[in-house]
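In this text the structure is predicted, and so the values were computed from the model without any measurement. Labels below follow one simple rule: chain letters A, B, ... track the order of the sequence lines, proteins then strands, and each chain is numbered from 1.
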There are 2 protein chains.
Amino acid sequence: MTHESAPPDELTFWSFVDFAVRKARQELPAVDTDAMRMALTLSRASSMVIYDLESTVHRPRGLTWPGFRVIFALWLAGPMEAKTTADISGTSRAALSALLNTLERDGLVVRERASHDRRALQLSLTEEGYGAILGGFRAHNRRESAWAEALEPHERTELVRLLNKLMAGSTDAKAKFRS
Amino acid sequence: MTHESAPPDELTFWSFVDFAVRKARQELPAVDTDAMRMALTLSRASSMVIYDLESTVHRPRGLTWPGFRVIFALWLAGPMEAKTTADISGTSRAALSALLNTLERDGLVVRERASHDRRALQLSLTEEGYGAILGGFRAHNRRESAWAEALEPHERTELVRLLNKLMAGSTDAKAKFRS
DNA sequence: TCAGATTCATCAAACATTTGATCATTTGGG
DNA sequence: CCCAAATGATCAAATGTTTGATGAATCTGA
């Protein structure tokens, strides 16, 4: 059949992007390959970094990646309403509600009813939660450094600029957000 | 206490990166802020794009994001062993095993014992699976295009180059991979 | 003031993921 | 040739995510 682009003998997580883009163009000539390559590469790079951080730093310390994100937000922004925590940690409210059951059970976070609005929750870190994020984040940041070394300083800056520009464009793209 | 960097009134998923980097430097002066900003921005950008694609394109069509990744790999690379599918789709073998229960039940994929090695599985798309990915991917790619428009063509190229360089560096960083 | 619309959190069901264990098959070295 | 080690898939238990529904508190406008 396809004498064009038979899958190479060894297709890997990395090399699949190139292969997929070529193959998709054959199957669907109208495909926007630049956009395809960009999204595919973005999600793969992110997935690699996150998997590495989660499996080498956080899981061994008893935290999942989502758990880390929440504790991290509470560490830096201080006690706040659950809605805000969900927003800035990138967790939906329903997911946060479930996540808090674990974090509270493990003694890292406390839930309290907000005084000004009895529907709302006020979240804060316990002493133990504070200790967990301090130790965890140091290791986390060391690992981030190891990754970052792959790029020159000006390249890191440029990468961040491009990603920010991409996120800023989400408004025009009418992107859907978590709620 | 902290008269330095009190959280701004409205902290959002976007603006949290800047705030977090400033605040982390106060709390832990030794932090590598460039690496921190890079990883934080990368994971957020990716999460936004993926959430948008999943919730606007795939879930409404009855596919989850992980399900899409697997079907997508099978579409482009053709029938292959489950181990390879796991590799190139970025799924662990255990997760793929569970995922296949759903995909097979929904009639999108078939599992068959490989002839040359009776431990191995051969995966292939059904007609229905082929139809699903064809329609789904068109919509997926249109959405990717909308995102990509935020960047100039040369910026897209540069973003991809930087992400690839980052991934290539994972070897030096001794990153952990899914298995 | 008060009824309807909103907002906040939670629940429920289905699904996917992680780590670590288990089972079957295949491979490799003595 | 045969047994130990390695490999492929699955299982089990714990966790987190999604969408859509529900309950409770607050807000709004007539």
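For B:Thr12, the side chain to side chain donor-acceptor pair (under 3.5 Å) test picks out B:Ser15, with sequence neighbours left out. B:Asn164 pairs by the side chain to side chain contact (heavy atoms under 4.5 Å, CB included) definition with A:Thr41, B:Val160, B:Met167, not counting sequence neighbours. Residues satisfying the side chain to side chain donor-acceptor pair (under 3.5 Å) criterion with A:Ser89, sequence neighbours excluded, are A:Thr91. In this view, B:Arg143 and B:Asp52, B:Thr56 satisfy the side chain to side chain donor-acceptor pair (under 3.5 Å) rule, not counting sequence neighbours. Under the rule for a salt bridge (charged side-chain N to carboxylate O under 4.0 Å, His left out), B:Arg138 has no partner lying at least two apart in sequence or in another chain.
Sorted by first and then second residue, the ring-ring contact (aromatic ring centres under 6.0 Å, His included) pairs involving residues 32-60 of chain B (not counting sequence neighbours) are B:His58-B:Phe68, B:His58-B:His140. Legend: salt bridge (charged side-chain N to carboxylate O under 4.0 Å, His left out) pairs involving residues 84-108 of chain A, not counting sequence neighbours, sorted by first then second residue: A:Glu104-A:Arg111.
Along DNA chain C, the nucleotide closest to B:Arg105 and the one closest to A:Arg111 are compared, and the more 5′ of them pairs with A:Arg111. Nearer to the 5' terminus of DNA chain C, by closest-nucleotide assignment, is the contact made by B:Arg178 (compared with the other of B:Arg178 and B:His116).
Tracing side-chain contacts under 4.5 Å through hydrophobic residues (I, L, V, M, F, W, Y), one never reaches B:Val49 starting from B:Val57; they form parts of separate clusters. Note on B:Val70 and B:Phe177: same hydrophobic cluster, where clusters join Ile, Leu, Val, Met, Phe, Trp and Tyr whose side-chain heavy atoms are under 4.5 Å apart, directly or indirectly. Residue A:Trp65 is grouped with residue B:Leu42 when hydrophobic side chains (ILVMFWY) are merged at heavy-atom distances under 4.5 angstrom, including chains of intermediate members.
For the pair B:Leu99 CG and D:dT17 C1', the computed distance is 14 Å after rounding to whole Å. Between the CZ atom of A:Arg93 and the C1' atom of D:dT19 there is a distance of 14 Å, given to the nearest Å. Rounded to whole Å, the distance from CD on B:Glu81 to P on D:dA9 is 7 Å.
On the nucleic acid side, DNA chain C has its first and last nucleotide under 4.0 Å of a heavy atom of chain B at C:dC15 to C:dT26, going 5' to 3'.
A salt bridge is defined here as a Lys NZ or Arg NE, NH1 or NH2 lying under 4.0 Å from an Asp or Glu carboxylate O, and B:Arg142 with A:Asp32 fails to meet this definition.
Taking 4.0 angstrom as the limit, A:Ser92 places none of its side-chain polar atoms (N or O) nearer than this to OP1 or OP2 of D:dT17. Regarding contacts with the backbone of D:dG16, a side-chain N or O of A:Thr102 is found under 4.0 angstrom from either OP1 or OP2.
Taking every heavy atom of residues 120-129 of chain A and every atom of DNA chain C, pairs under 4.0 Å involve A:Ala120, A:Leu121, by number. Residues of residues 48-74 of chain A having a heavy atom closer than 4.0 Å to DNA chain C, listed by number: A:Tyr51, A:Ser55, A:Arg59.
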Check residues 77-86 of chain A and write down every donor-acceptor pair under 3.5 Å in which the side-chain atom is one partner and the other belongs to a residue at least two apart or another chain.
from	atom 1	to	atom 2	distance (Å)
A:Glu81	OE2	A:His116	NE2	3.0
A:Thr85	OG1	A:Glu81	O	3.1

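Side-chain atoms of A:Ser92 never come within 3.5 Å of backbone atoms of A:Ser179 as a donor-acceptor pair (strictly under, hydrogens ignored).
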Would you list the protein and nucleotides 20-25 of chain D atom pairs, both N or O, that sit under 3.5 Å from each other?
none

